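One structure is given below, encoded as structure tokens.
None of the values given here were measured: they were computed from a predicted structure. Worth knowing before you read on, the calculation uses all heavy atoms, side chains too, and leaves out hydrogens, waters and symmetry mates.
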Amino acid sequence: MFSKILIANRGEIACRVIRTARRLGIKTVAVYSDADKNALHVEMADEAVHIGAAPSAQSYLLIDRIVDACKKTGAQAVHPGYGFLSEKREFQEALAAAGIAFIGPDAHAIQAMGDKIESKKLAKAAGVSTVPGYLGVIADDSEAVTIARDIGYPVMIKASAGGGGKGMRVAWNDEEAREGFRSAQNEARSSFADDRVFVEKYIQQPRHIEIQVLADGQGTALYLGERECSIQRRHQKVIEEAPSPFLDAATRKAMGEQAVALARAVDYKSAGTVEFIVDAERNFYFLEMNTRLQVEHPVTELVTGLDLVELMIRVAAGEKLTLRQEDIKLHGWAIESRVYAEDPFRNFLPSTGRLTHYRPPSEDPHVRVDTGVYEGGEISMYYDPMIAKLCSWGSTRDAAIARMREALDQYYIRGVSHNIPFLASLMANQRFVDGRLTTNFIAEEYPTGFHATDLPPDDPAILIAVAAVIHRCLNDRDIQISGKMPGNKVRVRDDWVVVMDGAQHPVHVHPTDGSPQRIGYTVDFEGRHHVVWSDWTLGQPLFRGTVNGAHVCVQVDRVGVGYRLSHSGAQALVKVLTPNAARLDALMPVKAPPDMSKFLLSPMPGLLVSVAVTEGQEVKAGEVLAVVEAMKMENILRAAQDGTVSKVHATPGSSLAVDQKILEFA
């Protein structure tokens, strides 16, 4: 076994590997860029080595810097995590030449299976069912259009070295094929330093189901069940679960055996994932093989009880697997939600900045949080905007969903926008609960984007009752202030008006006898009694308790004279006023926001790649105006309506803040 390993990665996966290494008694070395000098993985590791500037091309993608760090620290092996250099044959070869073990497959397997074009050729030669497509390298956008026509629209344009949803576009016509080729090529060049792109038939209404494989290179190769990864947005996975609610035992066995056969064909060693597209009739087609640990590996760990990182380390150290296929049993159900720094109400635009408050839910046998951030840390514009992977486990799928909903309620993040409201909406979506999934799920269920009306319709009485109790607790404390004049006894009133999202709700609040550790109140409104119990204390951001016997967790923020309450992904601005103050509040004028309709504003912080128009130019609705790059993704900004450009406020190469002016229209 190794005594010291280096993790050639950052963020949550680096922290994840460090946790297993600690348990095994292995010392760890972190590497970091300028942007990550205060990162959590740097703090957790036993040693840390600076490897370059913030852009990944100047740090995490530099093979010689990683090898150098191993030599300086005496690291005997490298775990690559996922992304960055994890599927680079040259990286494995450079480590081997330096006498350093690679915790992953050999260069041959990486080259054969890590390249999407070559892996499809190999799979096809081996008789594996593959998606129809053109597997050669495409020279330019004109050739891409010709090939797309031959295959037949719609087509999927993909970067050969791609991953994580980057370098992928769906095209339905010639114009989209041309534009999609250019964008996919640019993203691939920026993210992977490899701009090769290929085209294949886009199968409509598919499921994305992948098989986890594990091999030791000494004769043992296993499949560890499947993961359903169909809930995706822009080809980026959002929700994953194990097992799939769609597969039957026969299909699971067939897919697993085929995945193992493919791994054996390249003498695979370590953990890897074979991805399939599965149609409505459970026909499956090989998509690609990821020769690394997957982002979503925790759900497999939760249902199998295995530590994949530990097994990868042991295999790399030359140990033989003691497991057999019959030993692999799936217990219960696990779900993973990817928590991202993005604004779901603004088309999921990336959000950067400091985490002013960060309190993940407590971990236990039913809840797991894999994260690489901390309170006070920063979400950088240079890397993927993932905050954490939130996982839940239950004995059944319904139980796992219920656990996930509770955990999302308890996840308290402030300082950046996040997608927890969207995740809460997904968990409550009846089609998701029923398991009727396809990779088009999000596009079909949220065709115009995500809106507040898409959130689960919880009983508003919960927030009204909680708001009334919180305000009553504050008033109970206020009357205990010292230094009051003799004979000036103040009594807290029982009658209030809860103003929530503009609507007024008269309530009557009175205490209920309880224990010193719990507060109890009865809130009467609209002819109903609502009994609230909680151990909440003033200043806590989470109000945990029961309302009429049902457990609730409500996030509480003080906003001016009122509160912002969050529950089940929904937010409500609430004020609790005296009846007279409520009458006057209803008469207050509402300030209208400024009209910014004549400006093209940057929807996110990022780099202005190009401006496609000039001052005085007339534009038509739908015409490309500018391209902004953020989190390695190119975002094309188009004209919402016909107009004339009166002024260009920003030039290509500029760093833009969110809502910064780019263009002005006459």
Side-chain angles (χ1 to χ4, degrees), residues 82-83 86-90 108-204 206 208 210 229 232 234-237 259 262 265-266 272-279 284-292 294 439 632-634 636:
Y82 53 76
S86 62
E87 293 180 287
K88 285 289 184 182
R89 170 183 57 84
E90 298 86 353
H108 166 67
I110 296 175
Q111 182 176 19
M113 302 307 296
D115 185 294
K116 290 184 176 65
I117 293 176
E118 296 304 316
S119 66
K120 285 179 181 293
K121 289 179 179 177
L122 189 150
K124 191 172 184 180
V128 178
S129 176
T130 58
V131 179
Y134 179 79
L135 300 181
V137 178
I138 302 169
D140 53 34
D141 55 357
S142 296
E143 186 180 4
V145 169
T146 301
I147 292 168
R149 288 176 179 173
D150 290 341
I151 295 172
Y153 291 108
V155 297
M156 174 75 80
I157 301 170
K158 302 174 82 171
S160 178
K166 297 180 177 67
M168 299 174 66
R169 294 291 189 276
V170 176
W172 296 78
N173 53 50
D174 290 355
E175 182 182 349
E176 291 182 1
R178 195 179 303 277
E179 185 178 280
F181 173 84
R182 289 195 293 260
S183 291
Q185 192 176 54
N186 289 340
E187 284 182 8
R189 187 184 299 113
S190 171
S191 298
F192 312 108
D194 183 345
D195 64 359
R196 291 176 301 152
V197 171
F198 69 98
V199 179
E200 65 184 13
K201 182 69 176 176
Y202 178 62
I203 295 177
Q204 300 181 59
H208 183 130
E210 60 192 29
C229 306
Q232 304 177 8
R234 292 183 65 180
H235 314 297
Q236 176 74 55
K237 298 166 186 173
L262 198 57
V266 291
T273 297
V274 181
E275 300 192 349
F276 294 93
I277 289 178
V278 184
D279 68 19
F284 56 89
Y285 305 93
F286 172 72
L287 185 61
E288 63 183 353
M289 183 175 186
N290 290 310
T291 56
R292 53 169 169 79
Q294 289 282 88
T439 55
K632 300 181 183 178
M633 299 286 283
E634 286 196 349
I636 299 173

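For Phe284, the ring pair (Phe, Tyr, Trp, His ring centres under 6.0 Å) test picks out Phe276, with sequence neighbours left out.
When all heavy atoms of Asn186 and Glu634 are compared, the pair lying nearest together is CB-OE2, 3.4 Å. Heavy-atom minimum distance, Thr130 versus Tyr285: O-CD2, 4.0 Å. In this structure, Ala109 and Thr291 approach most closely via the heavy-atom pair O-CG2, 3.9 Å. Taking every heavy atom of both residues into account, Phe181 and Ile157 meet most closely at N-CD1, 3.8 Å. The nearest pair of heavy atoms linking Ala177 to Tyr153 is CB-OH, 3.6 Å. The minimum heavy-atom distance between Ala112 and Leu122, with the atom names listed, is CB-CD1, 3.9 Å.
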### Query
Stepwise, does the side-chain hydrogen bond (donor to acceptor under 3.5 Å, both in side chains) test hold for Gln111 with Glu90?
CA-CA 9 Å; Gln111 182 176 19; Glu90 298 86 353; over 6 Å; no
### Message
Let's go through Met156 and Ile151 carefully: what are the C-alpha distance in whole Å and the side-chain angles of both, what is the deciding distance for side-chain contact (heavy atoms from CB on, under 4.5 Å) to 0.1 Å, and is it a yes or a no?
### Response
CA-CA 10 Å; Met156 174 75 80; Ile151 295 172; over 6 Å; no
### Gln294 and Glu275: CA distance, side-chain angles, deciding distance, side-chain contact (heavy atoms from CB on, under 4.5 Å) verdict
CA-CA 11 Å; Gln294 289 282 88; Glu275 300 192 349; 3.1 Å; yes
### Task
Output, in order, the C-alpha distance, side-chain angles, deciding distance and verdict of side-chain contact (heavy atoms from CB on, under 4.5 Å) for Arg178 and Ser142.
CA-CA 7 Å; Arg178 195 179 303 277; Ser142 296; 3.4 Å; yes
### Message
One pair to check against side-chain contact (heavy atoms from CB on, under 4.5 Å): Lys120 and Glu288. What are the steps and the verdict?
### Response
CA-CA 7 Å; Lys120 285 179 181 293; Glu288 63 183 353; 5.7 Å; no
### Task
Go through Glu187 and Arg169 one step at a time and tell me if the salt bridge (Lys or Arg N to Asp or Glu O under 4.0 Å) criterion holds.
CA-CA 11 Å; Glu187 284 182 8; Arg169 294 291 189 276; 2.7 Å; yes
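To the nearest 0.5 Å, atoms CG (Leu287) and OG1 (Thr273) are separated by 12.0 Å. Note: Glu179 CD to Asp141 CG = 10.5 Å, rounded to the nearest 0.5 Å. Distance check, rounded to the nearest 0.5 Å: CG of Asp150 to OH of Tyr134 gives 10.0 Å. Here the OG-CZ distance, from Ser160 to Arg196, works out to 4.0 Å after rounding to the nearest 0.5 Å. Atom CD1 in Ile277 sits 7.0 Å away from atom OG1 in Thr439 (nearest 0.5 Å). Here OG of Ser86 is found 8.5 Å from CD1 of Ile110. Values are rounded to the nearest 0.5 Å.
Within the 3.5 Å criterion, the main-chain N or O of Ala171 finds no donor-acceptor partner in the side chain of Glu176.
Using a 4.5 Å heavy-atom cutoff, the side chains of Met289 and Glu210 are not in contact. Contact check for Tyr202 versus Trp172: side-chain heavy atoms found under the 4.5 Å cut-off. For the pair Val155 and Ile147, the minimum side-chain heavy-atom distance is 4.5 Å or more. In this structure the side chain of Ser183 reaches within 4.5 angstrom of the side chain of Ile636, judged on heavy atoms. When side chains are defined from C-beta on, Pro154 counts as touching Lys201, because their heavy atoms get closer than 4.5 Å. For the pair His235 and Val170, the minimum side-chain heavy-atom distance is below 4.5 Å. No side-chain heavy atom of Gln185 sits less than 4.5 Å from a side-chain heavy atom of Ile138. Two residues are said to be in side-chain contact when any heavy atoms from C-beta on lie closer than 4.5 Å; Lys158 and Val199 fail this criterion.
Classification of Arg189 and Asp194 as a salt-bridged pair fails, no side-chain N sitting under 4.0 Å from a carboxylate O.
With no hydrogens or angles considered, no side-chain donor-acceptor pair links Asn290 and Tyr82 at under 3.5 Å.
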